[in-house]
Amino acid sequence: MPAPPPTSQPYLDHHATTPLDERVLEAMRPYLQEEFGNAASSNHAYGWRAEAAVELARDSLCESLGVSDPSEIVFTSGATESNNLAILGLADASVEPGHIITLATEHRSVLDPCRSLVHRGWRISELGVDVEGIVDPSAIADAIEGETRLVSVMMANNEIGVLQPVSAIAAICRERGVTFHTDAAQAAGKISLDSTKQGLDLVSVSGHKLYGPKGIGLLRVRKTGRPRFRIEPRQYGGGHEGGLRSGTLPVASVVGLARAFELCVLEQEMETIRLAGLRDGLWNELESAFPGRVRRNGHPTERLAGNLNVSIDGVDGDRLLADLAGLAVSSGSACSSASPEPSHVLLALGHSLALARASLRFGLGRGTTPNDVTLAVERVANSIHSQHVEN
Ligand SMILES: *Cc1c(COP(=O)(O)O)cnc(C)c1O
């Protein structure tokens with residue numbers, strides 16, 4: 001195992017990715033070494049054992065996701081691919097171009113596939129959210145029209161952590177005969193999730209957001225019940241995953257995804273309480289260090305326990321982040337990696353460009369300690385005071 005980062009560099013960026021849990025690595029290890037068989041090799045025991053491991057993992061994921069038919073779990077390379085498969089796969093299966101409803105605050109891997117459909121004649125409604133980042137389900141109901149084929153609303157936001165009312169939205173979609181997709185990359189393993197009970201037709205999950213390996217994810221594709229829908233594959237070949245996603249399965253990663261999700265579900269209740277305590281402590285300390293100057297972005301309680309996103313009046317966000325070298329957090333201008341544009345999520349809350357830039361996202365997770373929180377407040381305070389002295 002690589003050495004953990006020194007405690008002087010707290011990792012507070014768990015929305016970007018999470019470290020692989022040791023217990024997950026242990027579950028994966030045999031399939032990285034002696035059990036290297038191809039799960040699609042049906043002629044010998046190497047293949048059979050790999051296939052058995054994959055099917056056990058699929059069953060466990062059904063349990064974690066509230067799905068009864070294991071063939072509804074389609075393994076992908078991650079939530080980006082799952083979102084693309086859900087949206088573009090559904091569009092490809094549609095004879096005529098239609099209409100899709102999504103949110104202005106969705107992840108780029110939802111917004112961009114939707115936008116790519118415009119040149120094929122599709123219409124996309126990107127609905128706004130309230131000042132706390134949440135959509136009103138009645139706005140979805142109002143936006144549904146005869147040609148609406150899909151509604152895609154994320155379960156938990158990756159920047160401000162807010163939880164969307166997906167059960168209510170799914171119920172509206174079901175009643176109106178519209179397929180519902182949710183990007184659950186941030187929510188899976190962190191909040192309770194029952195795809196069947198909640199009426200989630202298509203669900204995207206990513207391994208590396210829940211202490212599993214990178215490069216693995218899944219899409220839940222409901223097969224029975226109403227409304228009926230179909231999706232076309234985006235990738236053709238050996239016909240793996242019921243023909244929806246060809247390509248040799250990364251058996252170790254599949255096993256790791258299942259184990260990681262299981263552990264999150266097992267520990268969810270306790271971990272939620274622990275993280276919310278640390279997160280609230282962080283917020284209280286920041287608020288008392290900068291009275292009246294720091295505001296919390298997103299709904300105060302309808303949010304992930306490990307998420308705090310703040311904007312700080314009168315500071316330069318890029319300077320702040322540069323000063324914070326050694327503190328692994330994200331800023332409001334660096335959320336979608338390569339682009340230095342201000343966060344489209346914070347702009348959707350009605351923030352000015354300056355305030356969107358002057359924001360920090362703290363993502364607390366499994367390894368976060370009270371000491372990390374104390375250090376984070378100290379570093380932020382030092383950085384802001386130094387900017388203040390200069391100005
Ligand atoms: C990380 C993330 C993704 C992309 O997941 P990958 O597995 O990295 O492709 C999609 N949506 C949300 C909300 C995310 O947080």
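All residue numbers in this chain count up from 1 along the given sequence. When a ligand or atom number is given, it counts from 1 through the structure's own listing order.
In this structure, Arg49 is positioned above the aromatic face of Tyr46, its NZ or CZ under 6.0 Å from the six-membered ring centre and within 45° of the axis. A cation-pi arrangement is present between Arg366 and Tyr211, with the terminal nitrogen or guanidinium carbon under 6.0 Å from the aromatic centre and inside a 45° cone about the axis.
Put simply, CG on Leu117 and CZ on Arg149 are 13.0 Å apart, with the number rounded to the nearest 0.5 Å.
Leu304 places a side-chain heavy atom less than 4.5 Å from the side chain of Ile191. For the pair Glu262 and Ser60, the minimum side-chain heavy-atom distance is below 4.5 Å.
For the 3.5 Å distance criterion, the side chains of His181 and Ser204 qualify, holding a donor opposite an acceptor.
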Are any protein N/O atoms closer than 3.5 Å to the N/O atoms of ligand 1? If there are, list each pair with names and the distance to one decimal place.
from: ligand 1; atom 1: 7 (O); to: Ala79; atom 2: N; distance (Å): 2.9
from: ligand 1; atom 1: 7 (O); to: Ser206; atom 2: OG; distance (Å): 2.7
from: ligand 1; atom 1: 8 (O); to: His208; atom 2: NE2; distance (Å): 2.7
from: ligand 1; atom 1: 9 (O); to: Thr80; atom 2: N; distance (Å): 2.9
from: ligand 1; atom 1: 9 (O); to: Thr80; atom 2: OG1; distance (Å): 2.6
from: ligand 1; atom 1: 11 (N); to: Asp183; atom 2: OD1; distance (Å): 3.4
from: ligand 1; atom 1: 11 (N); to: Asp183; atom 2: OD2; distance (Å): 2.6
from: ligand 1; atom 1: 15 (O); to: Gln186; atom 2: NE2; distance (Å): 2.7
from: ligand 1; atom 1: 15 (O); to: Lys209; atom 2: NZ; distance (Å): 2.7

